[in-house]
Number of protein chains: 2
Amino acid sequence: MKNSTQKQPRSLVHFKNICQEAGVKCTQQRMKIYSELIQNPNHPDAETVYKKVKKQLANISLDTVYRTLWLFKDMRLITTIGPSRERTRFDPNLNPHHHFICTKCGLILDFNSEQMDTLDIQESLKAIGTVGSLQVQGICRGCEINDKIISD
Amino acid sequence: MKNSTQKQPRSLVHFKNICQEAGVKCTQQRMKIYSELIQNPNHPDAETVYKKVKKQLANISLDTVYRTLWLFKDMRLITTIGPSRERTRFDPNLNPHHHFICTKCGLILDFNSEQMDTLDIQESLKAIGTVGSLQVQGICRGCEINDKIISD
DNA sequence: TTGGCTGCAAAACTTTTGCATGAGT
DNA sequence: ACTCATGCAAAAGTTTTGCAGCCAA
């Protein structure tokens with residue numbers, strides 16, 4: 001399967017095109033799942049997407065939802081939040097610090113940053129809740145090197 | 001069980017005291033598990049802790065590790081990274097943005113912050129990997145209100 | 001001594017996979 | 001028509017729970 005690297009609008013309009021370019025079929029299930037994602041602001045998990053889509057496609061199966069979500073991720077149509085397919089990670093360090101999280105391999109590194117410590121938490125964020133630590137999500141050096149080797 | 005709110009050094013020295021204050025027993029299993037956590041810089045998951053501790057306490061069971069880790073979290077001896085006991089969450093928004101993640105209820109909200117967008121990524125962080133999005137971990141307003149009601 | 005803690009085993013829950021059928025191109 | 005995608009069912013994997021015996025206080 002080809003990876004589609006271009007960004008696309010968050011709408012169904014071009015969904016068919018995107019599928020064509022990626023060389024995958026544009027099925028009812030895939031359309032409804034993508035549609036649900038762009039309408040749901042809550043960053044749902046697979047189960048939640050399943051329950052919602054099931055109202056429109058009564059006999060869709062949960063495994064199709066899982067397969068479709070990971071397919072979308074491969075296509076770069078969506079992203080995932082936090083380390084990929086990970087379980088809860090535990091941290092005994094109670095001192096203020098930040099985390100670098102590799103979304104590919106799940107590596108988590110502590111780091112300190114005066115700049116981030118002294119961030120002026122903007123008013124809009126204060127309204128959402130009380131801010132604890134910061135996490136920087138990215139791809140670690142090791143995974144970058146691996147990717148390069150594979151794509152060469 | 002009483003919650004211990006004071007910070008404690010990341011060492012075993014005061015572990016017994018901490019247990020006493022929290023009104024829980026200081027067992028072999030709990031000591032080894034805490035010891036493993038403070039020696040492991042990789043923010044391990046439950047399974048990883050289990051494998052390590054098993055080398056010293058041959059017949060410790062995985063369920064004890066789970067129970068102990070959540071106990072430590074209740075005692076505020078450790079924290080967890082990312083939304084609590086959560087599954088992977090999916091995000092169709094490919095535009096640059098940040099997330100507020102409530103570690104209590106799992107709420108995830110998008111937000112934008114010019115200040116965070118223009119953060120000078122420090123050299124030490126660049127060395128770790130390529131930075132993508134930022135996540136602010138905290139407690140959302142709703143959970144704060146709930147907590148207050150419960151503790152009143 | 002005694003109540004909380006543990007290990008065991010089983011249950012509950014989540015996610016993935018093989019395969020025959022069905023749908024999109 | 002041809003092939004990929006789906007639903008089903010089962011497997012694999014992860015986390016929680018009930019209970020009887022054990023151990024720290």
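All heavy atoms count here, side chains included; hydrogens, waters and symmetry mates do not. Naming convention: chains lettered A, B, ... in sequence-line order (proteins, then strands); numbering from 1 in each chain.
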* **Donor-acceptor contact present, side-chain B:R30 to main-chain B:K25, <3.5 Å** => yes
* So, is B:W70 close to the D:dT16 phosphate, meaning a side-chain N or O under 4.0 Å from OP1 or OP2? -> yes
* Asked: Within less than 4.0 Å of OP1 or OP2 of D:dC8, is there a side-chain N or O belonging to A:S61?
  -> no
* To do: Determine whether B:C26 and B:M31 make a side-chain contact, defined as any pair of heavy atoms from C-beta on separated by less than 4.5 Å.
  => yes
* To do: For A:N42 and A:T48, run side chain to side chain contact (heavy atoms under 4.5 Å, CB included): C-alpha distance rounded to whole Å, both residues' side-chain angles, the deciding distance at 0.1 Å, then the answer.
  => CA-CA 10 Å; A:N42 298 324; A:T48 305; over 6 Å; no
* **Distance in angstrom units between B:D45 CG and D:dT16 P, rounded** => 12 Å
* What pattern of brackets, bars and dots sums up DNA chain D from 5' to 3', given Watson-Crick or G-U wobble pairs under 3.5 Å, [ ] for crossing pairs and | for another strand? -> |||||||||||||||||||||||||
* Within the structure shown, what part of the strands sits under 4.0 Å from B:L62 by heavy-atom distance: base, sugar-phosphate, or nothing? -> base
* How are the rings of A:F15 and A:Y34 set to each other: parallel, tilted or perpendicular (split at 30° and 60°)? -> parallel
* To do: State which residues pass ring-ring contact (aromatic ring centres under 6.0 Å, His included) with A:H99; sequence neighbours excluded, sorted by chain then number.
  => A:H97, B:H43
* Give the B/S/- string for nucleotides 18-25 of chain C, one per nucleotide from 5' to 3', where a protein heavy atom under 4.0 Å of the base yields B, of only the sugar-phosphate yields S, and otherwise -. => B----BBS
* Where the side chain of B:R89 meets the backbone of B:L107, is there a donor-acceptor pair that is under 3.5 Å apart? -> no
* Asked: OP1 or OP2 of D:dT14 less than 4.0 angstrom from a side-chain nitrogen or oxygen of B:R87, does that happen here?
  -> no
* Asked: To the nearest 0.5 Å, what is the distance between CG (A:L69) and CG (A:D45)?
  -> 9.5 Å
